[in-house]
Amino acid sequence: MQVTVLLFASYADTLGTSSIPLELSSGATAGDALDQVRSLAADALPSKPLLAVNERYARPEHVLAAGDEVAIIPPVAGG
Amino acid sequence: MQVTVLLFASYADTLGTSSIPLELSSGATAGDALDQVRSLAADALPSKPLLAVNERYARPEHVLAAGDEVAIIPPVAGG
Amino acid sequence: MRTALVDRPIDVTALANEVASASNGASVLFIGTVRNVNDGRAVTGMEYTAYRGMAERELAAIAREASEEFGGSDVVVEHRLGALELGDASVVIATAHPHRGAAYAASRYVIEQLKRRVPIWKREHYVDGTREWVDPTRQANHAEQAEVSK
Amino acid sequence: MRTALVDRPIDVTALANEVASASNGASVLFIGTVRNVNDGRAVTGMEYTAYRGMAERELAAIAREASEEFGGSDVVVEHRLGALELGDASVVIATAHPHRGAAYAASRYVIEQLKRRVPIWKREHYVDGTREWVDPTRQANHAEQAEVSK
């Protein structure tokens, strides 16, 4: 199944892109998506960043569905 | 000696005036000034209101000097 | 730092600008307005009066205390006197500081002390045409009695 | 209740008016502005970016929570995105309630939660021409180290 991983701010700079399409096997989790993206970045991303699935915060164990939007969230700095 | 007693808000309404000149003997206190004004008002003023002398809060024992401005302060309601 | 009793509408934006600066990351504005209901009675307007000299002195002292106690916060306060209509601002407190904790704390300090110490009084005008001086000490009793009678 | 991410300057007066009403005796405005110094470095400007859909959703949730937790306070929040100059308001939070305690508490709740949960990021531009994404978790460490080294 295919999901989209979104990157922001410093993480987008690190990867040189703000969006990565990923092909994952059925039953894959948000953490699996993170691991794949980290391997693309030679582990330049932290190992336990905040994650969101479809615009809601989610745990790494969250099981993904085809078409999900997974976001890797750098430390937020609003205000 | 002469002092001036100032009245405000409900106390001014009760006494029908906002300023009363008082003749007091030397050594008289803010509390003495209050007692005189209360007797004018048939004790319609409370017995222990806040007092000020020359624009600063003062205790009833505060000894007055000629020309002092004594204020009897109703419960404040600013804001 | 500036405090004043004023006899005209308070310009909230002007006060916000007055405390704003490139070194202050946080501003807090408190705006007190005339409510249409107080202590359970329908209000149509309000009249504020003060022991002017003493009120100015106390208000200035409170602003100084707030600034000293909370990291040198900038503090500007205006309190309006005279006849006010529903929704009019009776008091505006503007505080600012590099960090928000101090700006909030200074704001809160000023309004609590103002309500305790500054010799200002207000007379409410009610829908039935009557007017009454507000006595916060008596209102507290009413509220307590209402609590008890529930 | 209204929350928004905006790409233009925030109109503080409009937000104040939006929460003002004849039944609310107290309004509190929090205004966060771009500071000229952060974490000890001279700043010349700031760039805000967001995960827009999620940030809007989180911001709305926070405003709802603040209103529910603090007596039905009115809550209006705007957070600006894009390029900001020194002194520009990045966020304005307006809360209002018949009583001031709830208005202050709701205001504080919104800014603390916003800084914790809303996916917004900022890149500071420094005097020396460099730019850096702000990481509050790393700044906290710096501050702690500074404390320890005193």
Side-chain angles (χ1 to χ4, degrees), chain B residues 2-22 29-34 36-38 40-79, chain C residues 3 5-6 10 30-35 38-39 43 46-62 77-81 84 89-93 107-124 131-141:
Chain B
Q2 184 155 345
V3 303
T4 304
V5 175
L6 300 183
L7 298 157
F8 301 93
S10 58
Y11 296 176
D13 288 355
T14 299
L15 274 293
T17 179
S18 59
S19 171
I20 298 175
L22 279 190
T29 63
D32 294 333
L34 170 65
Q36 282 218 21
V37 173
R38 289 188 75 228
L40 294 175
D43 293 349
L45 296 186
S47 59
K48 294 183 184 303
L50 285 174
L51 298 172
V53 176
N54 300 331
E55 303 188 347
R56 293 174 194 273
Y57 284 111
R59 302 182 155 278
E61 305 80 44
H62 183 104
V63 176
L64 299 176
D68 274 356
E69 185 176 276
V70 180
I72 306 179
I73 311 274
V76 303
Chain C
T3 56
L5 302 180
V6 300
I10 302 174
F30 175 83
I31 307 165
T33 51
V34 178
R35 278 199 297 153
N38 193 21
D39 210 20
V43 173
M46 194 82 89
E47 219 182 305
Y48 282 85
T49 178
Y51 180 11
R52 198 147 188 153
M54 183 173 170
E56 283 169 347
R57 179 195 291 275
E58 283 290 321
L59 204 50
I62 290 167
V77 187
E78 288 191 358
H79 197 299
R80 191 169 165 193
L81 300 178
L84 275 73
S90 53
V91 61
V92 177
I93 299 165
S107 177
R108 197 69 199 263
Y109 181 86
V110 170
I111 186 63
E112 299 305 328
Q113 292 294 318
L114 186 160
K115 284 179 173 278
R116 206 162 292 164
R117 290 160 53 184
V118 179
I120 294 176
W121 301 276
K122 60 186 173 198
R123 179 149 57 175
E124 287 177 338
R131 307 185 303 176
E132 215 169 277
W133 292 102
V134 174
D135 180 348
T137 60
R138 211 186 297 169
Q139 286 185 302
N141 290 344

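Lettering follows sequence order; numbering is per chain, from 1.
- Among pairs with a residue in residues 45-59 of chain B, those fulfilling salt bridge (Lys or Arg N to Asp or Glu O under 4.0 Å) read B:Glu55-C:Arg57, at least two apart in sequence or across chains.
- Proximity to chain B (any heavy atom under 4.5 Å) is restricted, for C:Arg116, to the backbone atoms N, CA, C and O.
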Could you list the donor-acceptor pairs under 3.5 angstrom formed by side chains in residues 2-13 of chain B, with sequence neighbours left out?
residue: B:Asp13; atom: OD2; partner: C:Arg123; partner atom: NH1; Å: 3.4
residue: B:Asp13; atom: OD2; partner: C:Trp133; partner atom: NE1; Å: 2.7

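- In terms of heavy-atom pairs under 4.5 Å with chain B, the best-connected choice from C:Glu56, C:Glu47, C:His79 is C:His79.
- We find the CZ-OH distance between C:Arg117 and B:Tyr57 to be 8.0 Å, quoted to the nearest 0.5 Å.
- If you measure heavy-atom distances from C:Tyr51 to chain B, the contacts under 4.5 Å come from both the backbone and the side chain.
- Taking non-hydrogen atoms and a 4.5 Å limit, the residue list of residues 60-69 of chain B in contact with chain C, ordered by number, reads B:Glu69.
- Residue C:Ala89 does not touch chain B at all, counting heavy-atom pairs closer than 4.5 Å.
- Chain C is approached within less than 4.5 Å, heavy atom to heavy atom, by B:Ala71, B:Ile73, B:Pro74, B:Pro75, B:Val76, B:Ala77, B:Gly78, B:Gly79 from residues 71-79 of chain B, ordered by number.
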